[in-house]
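To keep things clear, I will list the structure first and then write my remarks on it.
For clarity, every value in this text was computed on a predicted model and none was experimentally measured. In the text below, chain A, chain B and the rest are named by the order of the sequence lines, each starting its count at 1.
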Protein chains: 2
Amino acid sequence: MSSTAKPAPTMGETAYGQIAGLLTSGRVAPGERLSLRDLAERLGTSTMPIRAAVGRLAEYGALEVSPNRAVRVPVMSAGRFSELADLRQQMEGLAAERAALAATAEDIDAIEPIATAFAEMVVGPDPDGGRAVALNRDLHFAIYAAARMPLLQSMIERLWLLAGPVLNLDMRADPRRLANTPAPRFHASALAALRRRDGASARAAISGDIADAASFILARGVLKED
Amino acid sequence: MSSTAKPAPTMGETAYGQIAGLLTSGRVAPGERLSLRDLAERLGTSTMPIRAAVGRLAEYGALEVSPNRAVRVPVMSAGRFSELADLRQQMEGLAAERAALAATAEDIDAIEPIATAFAEMVVGPDPDGGRAVALNRDLHFAIYAAARMPLLQSMIERLWLLAGPVLNLDMRADPRRLANTPAPRFHASALAALRRRDGASARAAISGDIADAASFILARGVLKED
DNA sequence: GACTATGAACCGTGATCACAGTCGGCGGCA
DNA sequence: TGCCGCCGACTGTGATCACGGTTCATAGTC
């Protein structure tokens, strides 16, 4: 029924997803060296699908190949993280602005429950860092999808893949910060702006959400200086 | 010398460059199907480096894999092209704005001769479409490099790879349009803004340059309607 | 005891082969 | 004459092997 046929995903694609999961869930540490043969054994295939997956990840910068061709998880310097946060504010702010102009009522109805679920979780008695990250991601991308700009969305996905390891590391390290995060207020502000078709406010809300999280992580000083 | 060692490029990387050249120079037509074995024979290698190169290109969207796993050069619809031009205005405008704030005197001194070379060529007696494209590219990226935002620059490079086939097709189809293009005025305006450290004007100049070229191509109506 | 040389294990890359699926052209049938 | 079905060539994918280069640990030497 879907417009796009699903011709059984290749092993390379599943390997891509699994390795990306390893990265975004923080199960591999920045700086850690990865071996194609080891990954192949872990995923139960030959090195061929792993090669394809790692190559694609490396193209994004989600993995790094040293000049000696060694594959490692990139270490995020403070400067690199700052540029990443800067770009995220610009691009995701743009997506939110356009979403405010293009979103249908159905789009907004689909976004709202995600926002309330996130807001209830962070004030709840048992905040789950991993689940919070997932909900936050779903919320952001639900908004961006409403902008109907597939190219922009794919570029934002790339940025999230780069930021993933650090964000997850942060959430895991200090899940109780969730109770005090201003994120739900930014989310509510964005949602209200979408309803008003107020692009500038939507941009400001998303941009503020990103800037707040980024400054918090930078303030912790765990990122390598330059 | 250079800070990064050069450990002899792999065949996969050279294949990447050669296939990217095929795309940006317009020697392969949109919609055309590519065969890994054929490319391998043309480049004198096995299919392995070709696989790696094509996979990376496909990750960017510079190549397209059909649900039946056939590799083809993507056809650019009018809608897709519009979004691409839109994003280019936003991101390259941003890069120009930041360049205006971060550019050193040496940066600007390096940019200027490229601008004059482009301007002299388009009014010259024998406008060369291919060379004009190359000069235009060099000029734009010299500006963006001055922004010192490597992540942003790599994302812009991706966008150019997507737009490459269409832009080149346009330039080749009608090189005499070069004589009347307003591009040199946009370039001069951007350069002056860089000197004044006027970010807003630099953004406007680059954005205008892109918008003008895009509207010209769209007006020709050669792009497939959605 | 500290340092260097050496060798084995391991790394990514490229080539080659096997296989299932797809597409097109040719032949036969209505 | 027009249409359908089949068969062969060709597609991308995965596995396996070979090869140069790097890394790390151990043994030998000063």
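- Listed pair N68(A) / dT23(D) meets the phosphate criterion, a side-chain N or O lying under 4.0 Å from OP1 or OP2.
- For the pair I210(A)/E92(A), a side-chain contact is recorded, criterion being any heavy-atom separation below 4.5 Å from C-beta on.
- Here F141(A) pairs with Y144(A), W160(A) under the ring pair (Phe, Tyr, Trp, His ring centres under 6.0 Å) rule; sequence neighbours left out.
- Checking dT16(C), dT23(D), dG12(D) against every side-chain atom of V71(B), the shortest atom distance belongs to dG12(D).
- Remark: P of dC11(C) and CD of E41(A) are 10 Å apart, rounded to the nearest angstrom.
- OP1 or OP2 of dC11(C) lies within a sub-4.0 Å distance of a side-chain N or O belonging to S35(A).
- Closest to the R69(A) side chain, of the nucleotides dA15(C), dT16(D), dT13(C), is dT13(C).
- For dG14(D), the base has no donor-acceptor partner in the side chain of R51(A) [N/O atoms by modelled type, under 3.5 angstrom].
- Classification of the H140(B)-H187(B) ring pair by plane angle, with boundaries at 30° and 60°, yields perpendicular.
- With dT16(C), dG12(D), dA15(C) as the candidates, the nucleotide lying closest to the side chain of T47(B) is dT16(C).
- Nearest to the side-chain atoms of P49(A) among the listed nucleotides dC11(C), dG14(D), dT16(C) stands dG14(D).
- Between L43(B) atom CG and dG14(C) atom P there is a gap of 13 Å when expressed in whole angstrom units.
- As rounded to whole Å, 15 Å separates atom P of dG14(C) from atom CG of L36(B).
- Rounding to whole angstrom units, CE of residue M48(B) and P of dA15(D) are separated by 12 Å.
- Below the 3.5 angstrom threshold, one finds a donor paired with an acceptor across the side chain of R37(A) and the base of dG12(C).
- The CD atom of E64(B) sits 14 Å away from the P atom of dG12(D) (whole-angstrom rounding).
- For the pair E32(B) CD and dT11(D) P, the interatomic distance rounds to 13 Å; values are reported in whole Å.
- Note on R56(B) versus E59(A): salt bridge recorded, some NZ/NE/NH1/NH2 to OD/OE distance being below 4.0 Å.
- Atom CZ of R33(B) is separated from atom P of dT11(D) by 8 Å (rounded to the nearest Å).
- No side-chain heavy atom of T14(A) sits under 4.5 Å from any side-chain heavy atom of T10(A).
- Judged purely by distance below 3.5 Å, without hydrogens or angles, the side chains of S154(A) and R158(B) pair a donor atom with an acceptor atom.
- In this structure, D107(A) pairs ionically with R148(A), as a charged nitrogen and a carboxylate oxygen lie closer than 4.0 Å.
- In this structure, I50(B) reaches neither bases nor backbone, as no heavy-atom distance under 4.0 Å exists between it and the strands shown.
- DNA chain C lies under 4.0 Å from no heavy atom of any residue of residues 16-24 of chain B.
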